[in-house]
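These numbers were taken from a predicted model, which means no experiment stands behind them. Below, each value reflects all heavy atoms present in this structure, side chains not excepted, and no hydrogens, waters or symmetry copies.
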Amino acid sequence: MEWEQTTDTDTKLVWERGDATAEIVARKTAGGEWAVHYDRLIQAPEGETYRHETVPDRERAVERAKMWQASE
């Protein structure tokens with residue numbers, strides 16, 4: 001499935017799946033870490049799921065997002 005990055009700021013990154021039934025959001029927390037979540041809607045062919053992780057920096061947040069995208 002194709003993914004498109006729709007937001008890229010210093011504190012927030014968002015990717016949306018091509019069928020618009022899933023998104024990945026990474027955001028910088030007040031503590032300086034990055035919270036990354038993957039949210040797939042119940043309407044998705046694979047059904048719903050939600051994952052959340054906290055990573056130390058933006059680079060690792062992007063790596064986590066790419067890993068989740070590749071697992072689709």
Side-chain angles (χ1 to χ4, degrees):
M1 187 75 57
E2 300 266 334
W3 288 85
E4 178 184 354
Q5 188 168 12
T6 59
T7 303
D8 184 353
T9 69
D10 290 341
T11 58
K12 187 174 182 180
L13 305 164
V14 179
W15 294 265
E16 186 175 305
R17 200 166 79 167
D19 65 358
T21 63
E23 75 172 1
I24 299 170
V25 177
R27 63 174 182 77
K28 190 172 185 178
T29 68
E33 296 179 313
W34 282 73
V36 187
H37 80 258
Y38 172 74
D39 191 10
R40 189 173 63 214
L41 301 174
I42 196 167
Q43 295 88 346
E46 311 90 334
E48 71 180 318
T49 195
Y50 182 84
R51 299 178 190 149
H52 179 271
E53 291 187 31
T54 303
V55 296
D57 54 40
R58 180 186 173 107
E59 181 180 330
R60 287 192 181 91
V62 171
E63 288 173 5
R64 178 65 57 208
K66 297 296 181 187
M67 184 187 80
W68 286 342
Q69 292 171 20
S71 71
E72 285 295 305

If you measure from [atom1] on [X] to [atom2] on [Y], what distance do you get to the nearest 0.5 Å?
X     : Y     : atom1 : atom2 : value
Asp39 : Arg17 : CG    : CZ    : 11.0 Å
Tyr38 : Glu23 : OH    : CD    : 10.5 Å
Thr6  : Leu13 : OG1   : CG    : 9.5 Å
Gln69 : Gln5  : CD    : CD    : 8.5 Å
Trp34 : Lys12 : CH2   : NZ    : 10.5 Å
Arg27 : His37 : CZ    : NE2   : 9.0 Å

key: Minimum-distance pair of heavy atoms, taken over all atoms of Val36 and Ala61   =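 So the two residues come closest at CG2-CB, 3.7 Å.
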
ask   = Do you know which two heavy atoms are closest between Thr54 and His52, and how far apart they sit?
value =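 What the structure gives for the nearest pair is OG1-CE1, 3.7 Å.
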
ask   = Would you say Arg40's side chain and Gly47's backbone share a donor-acceptor pair under 3.5 angstrom?
value =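 The answer is yes, because a donor-acceptor pair under 3.5 Å joins these two groups.
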
ask   = Are Val25 and Trp68 connected in a single hydrophobic cluster, I mean Ile/Leu/Val/Met/Phe/Trp/Tyr linked by side-chain heavy atoms less than 4.5 Å apart?
value =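 Trp68 and Val25: separate clusters.
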
request  = Is it possible for you to say whether Val55 and Val62 belong to one hydrophobic cluster, with membership spreading through side-chain heavy-atom contacts below 4.5 Å?
outcome  =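 In one cluster: yes.
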
Is the closest side-chain heavy-atom distance between [X] and [Y] below 4.5 Å?
X     : Y     : value
Lys28 : Asp10 : no
Pro45 : Met1  : no
Trp3  : Lys66 : no

query = Does a side-chain N-to-carboxylate-O contact under 4.0 Å join Arg58 and Asp8?
reply =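 Answer for the salt bridge query: yes.
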
ask   = Does atom CD of Glu46 have more than 12 heavy-atom neighbours from other groups under 6.0 Å away?
value =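 Check passes, neighbour count above 12.
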
